[in-house]
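We count residues from 1, following the sequence as given.
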Amino acid sequence: LLWPEMLVMLRSSFGRAGWAELHGCSVARGWAGKMLLTQLSQIWGVPVRGGVRDQDEHPGFEGPARTASRTSDGGMRFR
């Protein structure tokens with residue numbers, strides 16, 4: 001992940017029940033996508049969700065999506 005020290009500055013923008021959605025095509029696909037969601041969730045302290053397939057201009061995700069979030073014991077959970 002490039003420039004995590006810059007990404008951490010966004011952490012204060014999220015509320016207690018905040019989350020982030022990445023709507024780029026296939027951003028959550030495969031191991032690299034899982035790692036991206038994990039790293040961003042850890043940096044921002046909120047769940048991060050991204051699409052597994054190509055996306056179009058319609059609202060929401062096209063096809064399946066993956067979410068990374070922290071568990072109460074500090075681990076990571078994927079849905």
Side-chain angles (χ1 to χ4, degrees):
L1 188 62
L2 296 175
W3 303 301
E5 63 279 356
M6 293 183 77
L7 292 169
V8 77
M9 292 189 296
L10 294 172
R11 186 179 184 118
S12 63
S13 299
F14 296 100
R16 296 179 96 182
W19 72 91
E21 292 186 351
L22 308 177
H23 285 268
C25 289
S26 307
V27 70
R29 182 181 291 163
W31 182 84
K34 191 174 182 178
M35 290 299 99
L36 175 63
L37 298 182
T38 298
Q39 290 172 337
L40 290 175
S41 180
Q42 290 172 335
I43 288 170
W44 292 334
V46 297
V48 178
R49 185 169 174 84
V52 176
R53 296 186 186 157
D54 289 346
Q55 305 295 301
D56 62 27
E57 71 277 2
H58 297 101
F61 290 104
E62 298 299 316
R66 177 180 282 159
T67 303
S69 58
R70 293 191 89 114
T71 61
S72 60
D73 64 359
M76 294 300 295
R77 171 180 48 215
F78 294 93
R79 292 178 283 170

Common cluster, L40/F78, ILVMFWY with side-chain heavy-atom separation under 4.5 Å: no
How are the rings of F61 and H23 set to each other: parallel, tilted or perpendicular (split at 30° and 60°)? parallel
Please check: side-chain N/O of Q55 versus main-chain N/O of G24, any donor-acceptor pairing under 3.5 Å? no
State plainly whether one hydrophobic cluster holds both M35 and V52, where clusters connect Ile, Leu, Val, Met, Phe, Trp and Tyr through side-chain heavy atoms under 4.5 angstrom apart. no
Quick one: does S41's side chain have a donor or acceptor within less than 3.5 Å of a partner on V46's backbone? yes
Stepwise, does the side chain to side chain contact (heavy atoms under 4.5 Å, CB included) test hold for M76 with R70? CA-CA 5 Å; M76 294 300 295; R70 293 191 89 114; 3.8 Å; yes
I would like to know whether L36 and V48 meet side chain to side chain contact (heavy atoms under 4.5 Å, CB included); could you show each step before the answer? CA-CA 9 Å; L36 175 63; V48 178; over 6 Å; no
CG (D56) and CD (E62) are apart, to the nearest 0.5 Å, by 3.5 Å
Shared hydrophobic cluster, V8 / L37 (ILVMFWY, side-chain heavy atoms < 4.5 Å): yes
Tell me the closest heavy-atom pair linking P47 and G18, and the distance in Å. CD-O, 3.4 Å
Same cluster (ILVMFWY, side-chain, under 4.5 Å), W44 and M9: no
R66 side chain to G30 main-chain N or O, any donor-acceptor pair under 3.5 Å? yes
Is there a continuous path of hydrophobic side-chain contacts, each under 4.5 Å between heavy atoms, that joins L7 to L2? no
Determine yes or no for a side-chain-to-main-chain donor-acceptor pair under 3.5 angstrom, with R11 supplying the side chain and I43 the backbone. yes
